[in-house]
Amino acid sequence: MQNTASELLTEMCALIDAHAGAGVATAVDGLLLGRTSSGVEPEHSLTAPLLVIMARGGKRLLLGDRVHEYRAGELLLVTATLPVTGHFFDATPEAPALALALVLRPSLIASLSLEAPAPPRARRDVPSPAVSTGPVDTDLLDAAVRMLRLLDHPADAPVLAPLIEREILWRVLTGPHGGVLREIGQTRSSLWYVGRAIAWLRENYAEPVRIEDLAARAGMSPSTFHRHFRAITALSPIQFQKRIRLQEARSLLVARPDDVAGVGHLVGYDSPSQFSREYRRLFGMPPGQDAARLRATTPRAT
């Protein structure tokens with residue numbers, strides 16, 4: 001008899017708590033674990049396509065003007081690389097927030113999509129947002145727990161993990177989020193076209209950009225590209241590039257806190273005042289002050 005959702009979440013918490021280390025990666029390929037005991041500090045990051053299941057606590061994710069919240073027993077599905085701001089809640093040292101994530105592989109999703117029932121036909125001019133949340137059913141929880149159990153049986157993982165990964169993705173594909181997940185494996189979808197522009201922006205964030213050139217990379221007219229890009233990412237292409245620039249600058253400033261103007265120039269800002277102004281707007285304080293704070297809270301290698 002299958003365990004109840006409550007029993008599965010309890011076991012999931014125990015397994016994540018036992019195996020979540022300093023990093024997020026695990027010995028099972030594509031399986032990531034997260035544990036945090038404080039939700040006070042917002043996290044700014046560039047997230048990859050992931051399926052996340054929250055086991056305890058919760059998290060709010062801000063993307064553009066959209067807020068996505070998910071709690072224990074709920075999932076987060078991210079289908080594109082996006083600059084996001086995350087904030088955990090209901091997390092304490094006694095009861096840390098716990099989550100697992102599965103890296104999404106387009107080739108596997110494409111293969112499974114061929115066998116999954118066709119989703120309801122969607123309007124072709126309205127692409128799906130790249131972030132969605134919702135409840136996790138018992139079948140999906142059960143598969144996720146079985147994946148976690150492999151951490152206690154590493155010899156079984158090379159054979160069983162790919163089978164359980166397929167099951168997890170199948171559960172999502174045949175559920176309410178199936179249409180969103182399916183787009184990752186489809187060529188010539190809106191996500192695929194916009195993804196080409198996202199990939200270019202990630203690699204060339206410091207370069208000047210014109211919407212017309214990005215649209216050409218995506219094979220769309222400028223107006224169609226702008227509409228689809230915003231529908232998927234909740235940001236305009238220029239806002240997207242700005243977020244990547246500023247997040248990269250923040251990483252660089254930890255090592256170069258006394259070179260604010262130089263770091264701003266490296267990430268594409270010709271005006272130091274504009275760089276400082278936009279940096280403060282996103283992170284809440286001037287670059288130099290933020291860099292000093294980050295250095296004070298970053299563990300030093302010994």
Around H265, counting heavy atoms of other residues, nucleotides and ligands shown, do more than 12 lie under 6.0 Å from its NE2? no
Find out if a path of hydrophobic residues (ILVMFWY) with successive side-chain heavy-atom gaps under 4.5 Å connects W192 to V194. yes
Apply the test side chain to side chain contact (heavy atoms under 4.5 Å, CB included) to residues V78 and L82: give CA-CA distance (whole Å), side-chain angles for both, the deciding distance (0.1 Å), then the verdict. CA-CA 8 Å; V78 181; L82 301 169; 4.1 Å; yes
Exactly one candidate in L102, L163, L15 meets side chain to side chain contact (heavy atoms under 4.5 Å, CB included) with M147; the answer is L102
Are the side chains of R243 and L46 in contact, using a 4.5 Å heavy-atom criterion? no
Would the distance check show the side chain of R196 and the main-chain N or O of R217 forming a donor-acceptor pair, the cut-off being under 3.5 Å? yes
May I ask you to decide if M285's main-chain N or O and R280's side chain share a donor-acceptor pair within less than 3.5 Å? no
Can you tell me how the ring of H44 sits relative to the ring of F283, calling it parallel under 30°, perpendicular over 60° and tilted otherwise? perpendicular
Just how far is it from atom CG of L246 to atom OH of Y279, taken to the nearest 0.5 Å? 8.0 Å
To the nearest 0.5 angstrom, please state how far the CD1 atom of I53 sits from the CG atom of L76. 10.5 Å
Find out whether V180 and T79 are in side-chain contact, i.e. whether some heavy atom of one side chain is under 4.5 Å from a heavy atom of the other. yes
Co-membership, hydrophobic cluster, residues I164 and V159, 4.5 Å side-chain: yes
Minimum heavy-atom separation for C13 to R56, with atom names? SG-CB, 3.7 Å
State the CZ-NE2 distance between R230 and H226, to the nearest 0.5 angstrom. 5.5 Å
Take D142 and N3, measure what side chain to side chain contact (heavy atoms under 4.5 Å, CB included) needs, and give me the verdict at the end. CA-CA 8 Å; D142 181 70; N3 291 338; 5.8 Å; no
Main-chain N/O of R71 paired with E74 side-chain donor or acceptor, under 3.5 Å: yes
For atom CZ of R146, decide whether the heavy atoms of other residues, nucleotides or ligands shown that lie under 6.0 angstrom number more than 12. yes
Could you grab the distance from atom CZ of R171 to atom OG1 of T138, nearest 0.5 Å is fine? 10.5 Å
Quick one: which of E69, K59, R60 gives a side chain to side chain contact (heavy atoms under 4.5 Å, CB included) with H87? R60
What is the minimum heavy-atom distance between H177 and S132, and which atoms define it? ND1-OG, 3.2 Å
Do you know the tightest heavy-atom contact between T26 and L33? CG2-CG, 3.6 Å
Tightest non-hydrogen contact, residues F275 and L253, listed as CZ-CD1, 4.4 Å
For a quick check under 3.5 Å, do S273 and S276 share a side-chain donor-acceptor pair by atom type? no
Could you state the interatomic distance from OG1 (T36) to CZ (F89), rounded to the nearest 0.5 Å? 12.5 Å
Residue pair K242, Y205: steps toward the side chain to side chain contact (heavy atoms under 4.5 Å, CB included) verdict: CA-CA 8 Å; K242 185 186 299 183; Y205 58 83; over 6 Å; no
Is there a donor in the side chain of S45 and an acceptor in the side chain of T47, or the other way round, less than 3.5 Å apart? no
Do the side chains of M12 and L148 get nearer than 4.5 Å, heavy atoms only? yes
For I16 versus A55, what's the shortest heavy-atom pair and its separation? CD1-CB, 3.9 Å
Heavy atoms from other residues, nucleotides or ligands near CD of E212 exceed 12 (cutoff 6.0 Å): yes
Between R250 and D290, does any side-chain N to carboxylate O distance fall below 4.0 Å? yes
So do L191 and S189 actually touch side chain to side chain, heavy atoms under 4.5 Å? yes
Can you find a heavy atom in the side chain of L61 that is under 4.5 Å from one in the side chain of V67? no
d(R105 CZ, L112 CG) to nearest 0.5 Å is 12.0 Å
Distance-only side-chain donor-acceptor flag, H68 / T133, under 3.5 Å: no
Is any side-chain heavy atom of F88 less than 4.5 Å from a side-chain heavy atom of E43? yes
Answer with yes or no whether the hydrophobic clustering places L282 together with L62; edges join I, L, V, M, F, W, Y residues whose side-chain heavy atoms lie under 4.5 Å apart. no
Going through the checks in order, is the side chain to side chain contact (heavy atoms under 4.5 Å, CB included) test met by E248 and V263? CA-CA 9 Å; E248 180 64 20; V263 167; over 6 Å; no
Close side-chain approach of I109 to L169, heavy-atom, < 4.5 Å: yes
Decide yes or no on salt bridge (Lys or Arg N to Asp or Glu O under 4.0 Å) for D156 and R149, but give the supporting numbers first. CA-CA 10 Å; D156 296 336; R149 289 174 186 159; over 6 Å; no
Indicate yes or no for a side-chain donor-acceptor contact from N204 to the backbone of E207 under 3.5 Å, with no hydrogens or angles considered. no
Minimum heavy-atom distance P83-F240, with the two atoms named: CD-CE1, 3.3 Å
Taking the side chain as everything from C-beta on, heavy atoms only, tell me whether V209 gets closer than 4.5 Å to P237. no
Is R245 reaching over with its side chain to a backbone N or O of V267, donor-acceptor style, under 3.5 angstrom? yes
